[in-house]
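Both backbone and side-chain heavy atoms feed into the values below; hydrogens, waters and symmetry mates do not.
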Amino acid sequence: MIYHHNRFTFKTTVTAEQREEALASLRNQGESIDAVARYVVGRDIGGEFEYGAVFVIEDLDGYWDYLMAPSHAHTDRIGLPLLESFVSYDTTDSDDPDIAQKIADLHTRRYAGDPALTKLVADLPSYTGSGAPTPTHSG
């Protein structure tokens, strides 16, 4: 199993309506993507972030399906421009010694096929995660 975690803080200029639309879009991912076995979207407790989401996925094929789902792309398009900081990471019980690289490769492949997404992520004020793209802009 792979637990895909997202932790994030919205920009101070984001309206309540924008925030709710982004959170609803994350919940829609959990409901609409067949590869997601379970999910939670809500307040991030005990850390420096405001909100978090966790999507439970069975395997790498499901992870790819999750990454490429139209509902995931929608969340990226409406949500990423609203964020001040964003971290994504994974927890897995896989005993494959190459699982981290395989997950990073999926992200890299996704970014390579979607320049607009790559720019959205690279333009975030603060982002860390598997296969993070290189910034497309300078300071």
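Looking at heavy atoms from C-beta onward, L120 lies in side-chain contact with P81 at the 4.5 angstrom threshold. Counting heavy atoms from C-beta on, the side chains of R110 and D76 come closer than 4.5 Å. Contact annotation: the side chain of H72 approaches that of L67 to within less than 4.5 Å [non-hydrogen atoms, C-beta and beyond]. Within the 4.5 Å cutoff, side-chain heavy atoms of R109 are placed close to those of W64.
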Between N6 and F55, is the side chain to side chain contact (heavy atoms under 4.5 Å, CB included) condition met? List the steps. CA-CA 9 Å; N6 296 286; F55 299 94; 3.7 Å; yes
Test side chain to side chain contact (heavy atoms under 4.5 Å, CB included) on L80 and L117; report intermediate values, then the result. CA-CA 9 Å; L80 289 174; L117 170 65; 4.0 Å; yes
Intermediate values then yes/no, salt bridge (Lys or Arg N to Asp or Glu O under 4.0 Å), D114 and R77: CA-CA 12 Å; D114 191 342; R77 301 289 188 262; 2.9 Å; yes
Is there a side chain to side chain contact (heavy atoms under 4.5 Å, CB included) between I99 and L60 once you walk through the steps? CA-CA 9 Å; I99 190 73; L60 290 169; 3.9 Å; yes
Run the side chain to side chain contact (heavy atoms under 4.5 Å, CB included) test on R19 and Y51 for me, step by step, so that the C-alpha distance in whole Å, both residues' side-chain angles and the decisive distance to 0.1 Å come before the verdict. CA-CA 10 Å; R19 183 175 50 252; Y51 292 92; 3.4 Å; yes
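Nearest approach of F86 to F8, heavy atoms of both residues: CD1-CB, 3.8 Å. Taking each heavy atom of G62 and I57 in turn, the nearest pair found is C-CG2, 3.4 Å. Contact record, K11 with L83: CE-O, 3.3 Å, taken as the closest heavy-atom pair. Closest heavy-atom contact between A22 and G79: CB-CA, 4.3 Å. The heavy-atom pair separating T118 from Y111 by the smallest distance is OG1-O, 2.9 Å. In terms of heavy atoms, S71 sits closest to S32 at OG-OG, 3.0 Å.
With T75 contributing its side chain and S25 its backbone, the two residues share a donor-acceptor pair below 3.5 Å. A distance-only check finds no donor-acceptor pair linking the side chain of D44 to the backbone of G52 [under 3.5 Å]. Using modelled atom types, no side-chain atom of E58 and backbone atom of A37 make a donor-acceptor pair closer than 3.5 Å.
At a threshold of 4.5 Å between side-chain heavy atoms, the hydrophobic network of Ile, Leu, Val, Met, Phe, Trp and Tyr places V41 and I78 in two separate groups. In the hydrophobic clustering of ILVMFWY residues, with side-chain heavy atoms under 4.5 Å counting as a link, V87 and V121 come out apart. With hydrophobic clusters built from ILVMFWY side chains whose heavy atoms lie under 4.5 angstrom apart, M1 shares a cluster with V54.
Distance CZ/R43 to CG/L23: 8.5 Å, rounded to 0.5 Å. Atom CG of D65 sits about 10.0 Å away from atom CG of L106, to the nearest 0.5 Å. Between atom CG of residue L82 and atom OG1 of residue T9 there is a gap of 12.5 Å, rounded to the nearest 0.5 Å. Note that the CG atom of D59 and the NZ atom of K102 stand 11.5 Å from one another [nearest 0.5 Å].
Annotation for D98: atom CG counts as buried by contact number, over 12 foreign heavy atoms lying within 6.0 Å. Summarising the local packing, OH of Y3 is surrounded by 12 or fewer heavy atoms from other residues, nucleotides or ligands at distances under 6.0 Å.
Salt-bridge annotation for D123 and K119: present, with a side-chain N of the basic residue lying under 4.0 Å from a carboxylate O of the acidic one.
Side-chain atoms of S85 and S126 form no donor-acceptor pair, as typed in the model, at a separation below 3.5 Å. Side-chain polar atoms of Y127 and S88 form a donor-acceptor pair below 3.5 angstrom.
Under the side-chain hydrogen bond (donor to acceptor under 3.5 Å, both in side chains) test applied with Y39, the options Q29, E31, H4, R27 reduce to a single match, E31.
For H107 and Y63, the gap between ring centers is short of 6.0 Å.
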